[in-house]
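Quick notes on the structure that follows.
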Protein chains: 2
Amino acid sequence: MTASSRPEHPRLRRSAGDRRAQLVQIGLELLPTTPVQELTIDEVARRAGISRSLLFHYFATKREYYTAVTRAAADLLWEHLLPAPGTPAEQQVTGMLDRYVGWVETFRDSHLAFVRGAGGGDPWVSEVYEETRGKLVELTLTTLDLPDDALRRQLVLAWFAFAEDLVGQWVAEPTMSRPDLLALLRDVLDRLVAR
Amino acid sequence: MTASSRPEHPRLRRSAGDRRAQLVQIGLELLPTTPVQELTIDEVARRAGISRSLLFHYFATKREYYTAVTRAAADLLWEHLLPAPGTPAEQQVTGMLDRYVGWVETFRDSHLAFVRGAGGGDPWVSEVYEETRGKLVELTLTTLDLPDDALRRQLVLAWFAFAEDLVGQWVAEPTMSRPDLLALLRDVLDRLVAR
DNA sequence: TAGCTTGTTGAGCGTTGCTCAGCAAGCGGA
DNA sequence: TCCGCTTGCTGAGCAACGCTCAACAAGCTA
């Protein structure tokens with residue numbers, strides 16, 4: 001129970017921005033336990049202490065709502081992975097990998113739900129996901145100081161799928177040390193793009 | 001409109017086995033246009049020319065129904081990929097890869113919906129998917145005459161994710177020749193498991 | 001205080017997953 | 001030929017859900 005879920009006795013009137021932010025925030029809190037598309041308007045509204053109707057005032061459809069939640073989650077991931085300015089180029093990719101593994105460790109189910117559920121039929125959600133993946137590929141190629149040609153883009157994109165899967169397996173059952181995992185991923189990436 | 005969707009004038013009574021098979025078949029026909037979980041009982045029943053209630057007689061819940069459909073789809077894929085008996089060991093993996101690409105080319109959206117939608121929150125569906133992937137990994141390792149140790153299993157599993165993603169990209173935008181794609185996938189696999 | 005903007009609600013509609021009591025098709029036995 | 005049993009099958013109907021709409025009311029400004 002967070003503050004956002006307590007039904008205030010006197011009806012509280014919020015600014016549009018606040019309300020939107022609150023609703024998205026509730027969606028984020030629910031993500032770990034519920035696949036995005038299965039969020040129910042009733043549940044979210046109940047937690048926000050508002051009527052269903054109000055949610056539809058801010059998000060025209062349920063899809064519009066959970067797309068906003070998905071985008072918020074993607075933004076959090078992106079900000080978490082971005083190298084701190086001033087990091088030596090050599091450490092940037094390793095650092096990102098490290099933080100990515102940490103992210104998956106921390107959020108496990110909710111991250112897997114995001115990654116996989118992304119492609120799960122819903123074009124709106126998968127668009128957000130692909131957009132983030134695209135940005136990450138671009139960042140990776142830039143950081144590695146490699147030309148951004150079509151083939152390399154494809155390879156790095158597919159390597160992300162490889163990495164997501166391997167990290168997913170590792171989190172479920174850590175059969176090697178964490179540094180080994182990072183080194184393995186880095187090694188595969190280097191060999192892929194070095195050709 | 002297939003024969004199965006024509007509403008017969010006199011009420012037709014089928015055996016339990018026939019009816020089940022028909023319903024699963026209708027699900028398979030709908031897969032290309034609809035993500036499994038979004039199949040509606042109404043639509044399926046309408047196409048079968050039966051009442052909704054009857055579908056619930058054969059499948060206790062909607063989930064049970066689309067899990068059966070998913071399993072049928074997985075079985076089709078598995079049978080399609082299996083090397084013909086008598087194929088020289090050397091060609092088996094390449095042949096499977098070739099047929100896999102062909103499969104994705106043919107079914108495009110429905111396959112992607114299956115692969116990705118698999119993890120999409122639904123444990124029942126993703127179980128079917130993981131089971132199939134596991135069988136494929138085992139088959140691959142056996143065919144390549146490699147020991148089936150934990151690390152190699154993980155790598156080949158992750159390589160499948162890599163391959164799925166790359167093939168998905170290639171089908172959407174074929175930027176290289178088909179043989180080049182096959183050679184690339186095979187090359188990456190060989191290097192991964194050779195260590 | 002009046003009036004305007006806009007955050008907010010409740011009643012209600014259509015669809016969908018699911019239940020249940022009971023009908024009826026086809027077979028076997030007398 | 002009729003009876004009776006099994007079992008494939010239906011229709012009415014409930015609850016949950018997404019979504020709409022007319023109207024209320026909080027809080028600002030004149």
Side-chain angles (χ1 to χ4, degrees), chain A residues 4-27 30 33-70 117 120-125, chain B residues 4-27 30 33-70 117 120-125:
Chain A
S4 59
S5 68
R6 178 167 50 247
E8 310 286 46
H9 294 174
R11 197 192 296 166
L12 188 61
R13 194 186 163 104
R14 297 204 185 196
S15 77
D18 281 3
R19 194 56 93 186
R20 261 190 92 97
Q22 180 207 20
L23 293 174
V24 169
Q25 180 58 35
I26 288 174
L30 253 29
T33 56
T34 326
V36 221
Q37 342 208 3
E38 284 173 28
L39 295 175
T40 73
I41 261 65
D42 261 353
E43 172 74 4
V44 176
R46 205 180 49 71
R47 294 202 175 215
I50 61 170
S51 63
R52 266 157 296 154
S53 320
L54 188 56
L55 202 148
F56 285 105
H57 178 71
Y58 292 102
F59 304 93
T61 65
K62 182 190 176 179
R63 182 146 68 188
E64 197 173 313
Y65 171 65
Y66 68 59
T67 302
V69 173
T70 302
D122 207 309
W124 303 74
V125 174
Chain B
S4 60
S5 67
R6 178 168 48 248
E8 311 286 52
H9 293 175
R11 200 193 293 166
L12 187 63
R13 195 186 164 105
R14 297 203 185 198
S15 77
D18 280 3
R19 194 55 94 187
R20 259 190 93 96
Q22 180 206 20
L23 293 174
V24 169
Q25 180 59 34
I26 289 174
L30 253 29
T33 55
T34 325
V36 221
Q37 341 208 4
E38 284 174 26
L39 294 176
T40 74
I41 260 69
D42 261 351
E43 172 73 3
V44 175
R46 204 180 49 72
R47 293 203 174 214
I50 60 170
S51 65
R52 267 157 296 154
S53 319
L54 188 54
L55 202 148
F56 285 106
H57 178 70
Y58 291 103
F59 305 93
T61 64
K62 181 188 174 179
R63 182 146 67 188
E64 197 174 313
Y65 171 66
Y66 68 59
T67 302
V69 173
T70 302
D122 207 308
W124 303 74
V125 174

Mind running a 4.0 Å heavy-atom check of residues 57-69 of chain A against DNA chain D and sending the residues that fall below it, in number order? A/Ala60, A/Thr61, A/Lys62
CZ of B/Phe56 versus P of C/dG22: gap in Å, rounded? 21 Å
A/Arg46 atom CZ is separated from D/dC17 atom P, nearest whole Å, by 11 Å
Sorted by chain and residue number, the side chain to side chain contact (heavy atoms under 4.5 Å, CB included) partners of A/Ser51 (sequence neighbours excluded) come out as A/Ser53, A/Leu54
Using a heavy-atom cut-off of under 4.0 Å over every strand shown, decide if B/Leu39 touches base, sugar-phosphate, or nothing. sugar-phosphate
Side chain to side chain contact (heavy atoms under 4.5 Å, CB included) involving A/Glu43 - partner list, sequence neighbours excluded: A/Leu30, A/Thr40, A/Arg46, A/Arg47
B/Ile41 atom CD1 is separated from D/dC14 atom P, nearest whole Å, by 21 Å
Approximate separation, where rounding is to 0.5 Å, of A/Leu39 CG and A/Tyr66 OH: 9.5 Å
Nucleotide nearest B/Arg13 (side chain, heavy atoms from C-beta), chosen from D/dG18, C/dA25, D/dA12: C/dA25
Any A/Arg19 side-chain nitrogen or oxygen under 4.0 Å from OP1 or OP2 of C/dT8: yes
Find the distance A/Asp42:CG to C/dA11:C1' and express it as a whole number of Å. 14 Å
Results of salt bridge (Lys or Arg N to Asp or Glu O under 4.0 Å) for B/Asp42 - residues two or more places apart only: B/Arg52
Taking the side chain of A/Ser53 as its heavy atoms from C-beta onward, which of D/dA12, C/dT16, C/dA11 lies nearest to it? C/dA11
Could you check how far CD of A/Gln37 sits from P of D/dG18, rounded to whole Å? 12 Å
Is A/Leu54 touching bases, backbone alone, or none of the nucleic acid, heavy atoms closer than 4.0 Å? base
Under 4.0 Å, counting only non-hydrogen atoms across every strand here, what does A/Ser51 touch: a base, just sugar-phosphate, or nothing? base
A/Leu23 atom CG is separated from D/dG18 atom C1', nearest whole Å, by 16 Å
B/Phe56: partners by side chain to side chain contact (heavy atoms under 4.5 Å, CB included), with sequence neighbours left out: B/Ile41
Atom pair distance, as rounded to whole Å: CD in B/Gln22 and C1' in D/dC9: 13 Å
Closest approach of A/Val69 to A/Gly27 (non-hydrogen atoms, all atoms of both residues): CG1-C, 3.7 Å
Tell me: CG of B/Asp18 to C1' of D/dC9, nearest whole Å? 15 Å
Non-neighbouring partners of A/Thr61 that pass side chain to side chain contact (heavy atoms under 4.5 Å, CB included), sequence neighbours left out: A/Arg63, A/Glu64
Quick one: on DNA chain D, does A/Arg52 or B/Ala16 contact a more 5' nucleotide (nearest heavy atom)? B/Ala16
